[in-house]
Amino acid sequence: MSQPRRTQAARSQHAREQIVQAALTVFALKGFAASSMDDICLAAGCSKGGLYHHFPTKSAVLTGVVERLTAQRALVPPFAGSDATLPVQALGRVLIDVWTEAARDDALRARLRAVYESQLDKSLQNGDGADSGLSTILRIGTLIQLLTRGDGLDAAAVARRLGIEHAA
């Protein structure tokens, strides 16, 4: 019996998912700034044309990574209950890069704000105590503010100060 053929939309979605997963891995290993579109192509096993068809810029790839992390519940540390495919340390590095880029990218900053506000709303609706969701959101908000103020702060030192050094 022959296997059913996938539609063009399904193939396209699969290619996007492969690219985003490859980018997540590359960003975790090299950091966002040091990663190139060529690195992502190599890791994803796709052509440059294929990559640029789905993601016209490296910032668009990063937005795809943010969407993946949001879906995996891995955008807000601590990552208990997360579906993330990376170790916590690698995930922490990616998140610091995401927050750093959010300081320069209005659309990314707006997307992160929406995700964190949604998380805060869920925490408040669920009646989470100060030791759970709400305190996590406040720590992350403080971290983002410190990282995006442009004071040249050491991200690892800020993470230690906020009690999330295992994520940095």
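Predicted model, so just to flag it, every value in this text is computed and none were measured. Just so it is clear, the values below take in all heavy atoms, side chains as well, and ignore hydrogens, waters and symmetry mates.
Residue pairs that meet the ring-ring contact (aromatic ring centres under 6.0 Å, His included) test with at least one member in residues 29-66, sequence neighbours left out, are Phe27-Phe32. Each salt bridge (charged side-chain N to carboxylate O under 4.0 Å, His left out) pair with one or both residues in residues 19-48, not counting sequence neighbours, appears once here: Lys30-Asp39, Asp38-Lys48.
A pairwise comparison of heavy atoms in Ile19 and Gly50 identifies CD1-O, 4.3 Å as the closest pair. Among all heavy-atom pairs drawn from Ile40 and Ala22, the shortest one is O-CB, 4.1 Å.
Contacts of Glu101 classified as side chain to side chain donor-acceptor pair (under 3.5 Å), with partners at least two apart in sequence or in another chain: Arg104. Every residue was checked against the side-chain contact (heavy atoms from CB on, under 4.5 Å) condition with Ser47, not counting sequence neighbours, and none meets it. Residues satisfying the salt bridge (charged side-chain N to carboxylate O under 4.0 Å, His left out) criterion with Arg109, sequence neighbours excluded, are Asp106. Not counting sequence neighbours, the partners of Ala10 by the side-chain contact (heavy atoms from CB on, under 4.5 Å) test are Arg6, Thr7. Applying the salt bridge (charged side-chain N to carboxylate O under 4.0 Å, His left out) criterion to Glu67, with sequence neighbours excluded, gives Arg111. With sequence neighbours left out, the side chain to side chain donor-acceptor pair (under 3.5 Å) criterion links Arg68 to Gln21.
Side-chain contact of Arg11 with Gln8: a donor-acceptor pair under 3.5 Å is present, judged by distance alone.
No side-chain heavy atom of Leu42 sits under 4.5 Å from any side-chain heavy atom of Val26. Contact of the Asp97 side chain with the Leu62 side chain is not registered, since no non-hydrogen atoms from C-beta on lie closer than 4.5 Å.
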